[in-house]
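Here is the naming used below: chain letters follow the sequence lines, and residue numbers restart at 1 for every chain.
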Number of protein chains: 2
Amino acid sequence: MAAALDRSFAALSDPTRRAIVSRLARGPARVTDVAARFPITLNAVSKHLKVLERAGLLRRRRAGREHHLELRAAPLREIARWTSRYERFWNEKLDALGAFLEEEN
Amino acid sequence: MAAALDRSFAALSDPTRRAIVSRLARGPARVTDVAARFPITLNAVSKHLKVLERAGLLRRRRAGREHHLELRAAPLREIARWTSRYERFWNEKLDALGAFLEEEN
DNA sequence: CCAATATTCAACCACATGGTTGAATATGTC
DNA sequence: GACATATTCAACCATGTGGTTGAATATTGG
């Protein structure tokens, strides 16, 4: 589904959210734990977490009053898969004969 | 630079722009050529192209009144590099002992 | 019960975005 | 010069975003 890619790319276009992903890669954390690292409000972090959650990049387990967050990297795999379709262009080798077919998404 | 990643991720968060990348992977094209495939205005496509250009995802060569566009995939490589840092999470193997250090960006 | 802690909800603000329409600017063609 | 083609610029609109502040909702602990 294309909309999923939309959300994943959009979620990762913000440096704070990429930093949150980075943080969660080091292990699960609560909202407050994540927020502690950033100079913005807890509320702002809460919003970022919702964006990441909607993109499927994290899972939230409510445990009492605490929300335990853990990284879900499947969307990252989809992004890697999408970009890998253009690997042959990465080296700036101008062989335009590398034209190939593909369906969009 | 983090802002470059910001722009790349943001540029690719739109399905039209991903389709434009896909189109340019099949070879260079003019603005009108690209626009022909989409149900939106030429003006809208022109804006999308500017976003892709600012993200470094395409290069524009003016040839008379025509602008020749060609894919520049280097930012895609950066995205692939960023996401690859999380490869170990892709298989949903819940070994939380896979914690590892990293600096953000 | 009461107070503290963890988190979200709601309203607001400034700004970006994706789209439109209409005009402007170049360049090519007759 | 006059007209057509290629592209951008400018203004506008609706919607989303990243941030704030302040209030609400749960849960835990004395």
Side-chain angles (χ1 to χ4, degrees), chain A residues 2-24 27-70 75 104-105, chain B residues 2-24 27-70 75 104-105:
Chain A
L5 262 188
D6 289 12
R7 281 190 290 269
S8 303
F9 273 117
L12 295 172
S13 71
D14 182 274
T16 300
R17 284 194 294 263
R18 287 199 305 279
I20 291 174
V21 167
S22 169
R23 165 64 185 84
L24 291 182
R30 301 169 307 146
V31 176
T32 312
D33 298 333
V34 172
R37 323 183 101 217
F38 302 102
I40 58 179
T41 320
L42 176 72
N43 273 3
V45 172
S46 175
K47 278 180 162 191
H48 282 306
L49 292 173
K50 245 182 302 183
V51 172
L52 288 168
E53 192 176 17
R54 213 163 68 89
L57 278 159
L58 65 82
R59 189 163 41 183
R60 186 190 299 259
R61 272 180 17 243
R62 286 162 189 74
R65 63 183 162 182
E66 305 181 345
H67 294 205
H68 269 244
L69 312 164
E70 61 181 36
E104 169 50 16
N105 250 356
Chain B
L5 262 188
D6 289 12
R7 280 190 291 269
S8 303
F9 273 117
L12 295 171
S13 72
D14 182 274
T16 300
R17 285 195 292 264
R18 287 200 306 278
I20 292 176
V21 167
S22 168
R23 165 65 185 83
L24 292 181
R30 300 170 307 147
V31 175
T32 313
D33 297 334
V34 171
R37 321 184 102 217
F38 302 104
I40 59 179
T41 319
L42 177 71
N43 272 4
V45 172
S46 174
K47 278 179 159 188
H48 282 306
L49 292 173
K50 246 180 303 185
V51 173
L52 288 168
E53 194 176 15
R54 213 162 70 87
L57 278 159
L58 64 84
R59 188 163 43 181
R60 186 189 302 256
R61 273 179 18 241
R62 286 162 189 74
R65 62 182 164 183
E66 304 181 342
H67 294 204
H68 268 245
L69 312 163
E70 59 181 37
E104 169 48 16
N105 247 354

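- Between Arg17(B) and dT17(C) there is no side-chain polar atom (N or O) within less than 4.0 angstrom of OP1 or OP2.
- Per the geometry, CG belonging to Leu49(B) stands 13 Å off C1' belonging to dA6(D), to the nearest Å.
- Annotation: Arg60(B), atom CZ; neighbour count of heavy atoms from other residues, nucleotides and ligands within 6.0 Å is above 12.
- If you take CG of Leu42(A) and P of dT5(C), they are 13 Å apart, rounded to a whole angstrom.
- Between Ser46(B) and Asp14(A), the one whose closest nucleotide on DNA chain D sits nearer the 5' end is Ser46(B).
- At whole-Å resolution of the value, NE2 in His67(B) and P in dT27(C) are 9 Å apart.
- Atom CG in Asp6(A) sits about 15 Å away from atom P in dT17(C), given to the nearest Å.
- For His48(A), a side-chain nitrogen or oxygen approaches OP1 or OP2 of dG19(D) to under 4.0 Å.
- Note: CZ (Arg60(B)) to P (dA6(D)) measures 15 Å, nearest angstrom.
- Ile40(A) places its CD1 atom 15 Å from the P atom of dT17(D), with the value rounded to the nearest Å.
- Rounded to an integer number of Å, the gap from Arg7(A) CZ to dG16(D) C1' is 14 Å.
- For dA26(C), neither phosphate oxygen OP1 nor OP2 lies less than 4.0 angstrom from any side-chain nitrogen or oxygen of Arg62(B).
- Phosphate proximity of dC9(C) to Lys47(A): absent, as no side-chain N or O sits under 4.0 Å from OP1 or OP2.
- Contacts between residues 30-37 of chain B and DNA chain D, defined by a heavy-atom separation under 4.0 Å, are made by Arg30(B), Val31(B), Thr32(B).
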Any protein N or O atoms within reach of nucleotides 22-27 of chain D? Criterion: under 3.5 Å, listing atom names and distances.
{"residue": "dG22(D)", "atom": "O6", "partner": "Asn43(A)", "partner atom": "ND2", "Å": "2.4"}
{"residue": "dT27(D)", "atom": "O2", "partner": "Arg65(A)", "partner atom": "NH1", "Å": "3.2"}

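- Separating the CD1 atom of Ile20(A) from the C1' atom of dG19(D) is a distance of 14 Å, rounded to the nearest angstrom.
- Looking at Arg62(A), its side chain never comes within 3.5 Å of a backbone N or O of His67(A) through a donor-acceptor pair.
- Heavy-atom nearest nucleotides on DNA chain C were determined for Pro39(B) and for Arg54(B), and the one closer to the 5' end corresponds to Arg54(B).
- OP1 or OP2 of dG19(D) has not a single side-chain nitrogen or oxygen of Thr41(A) nearer than 4.0 Å.
- For Ile40(B), the side chain to side chain contact (heavy atoms under 4.5 Å, CB included) partners are Thr16(B), Phe38(B), Ala44(B), Val45(B), His48(B), not counting sequence neighbours.
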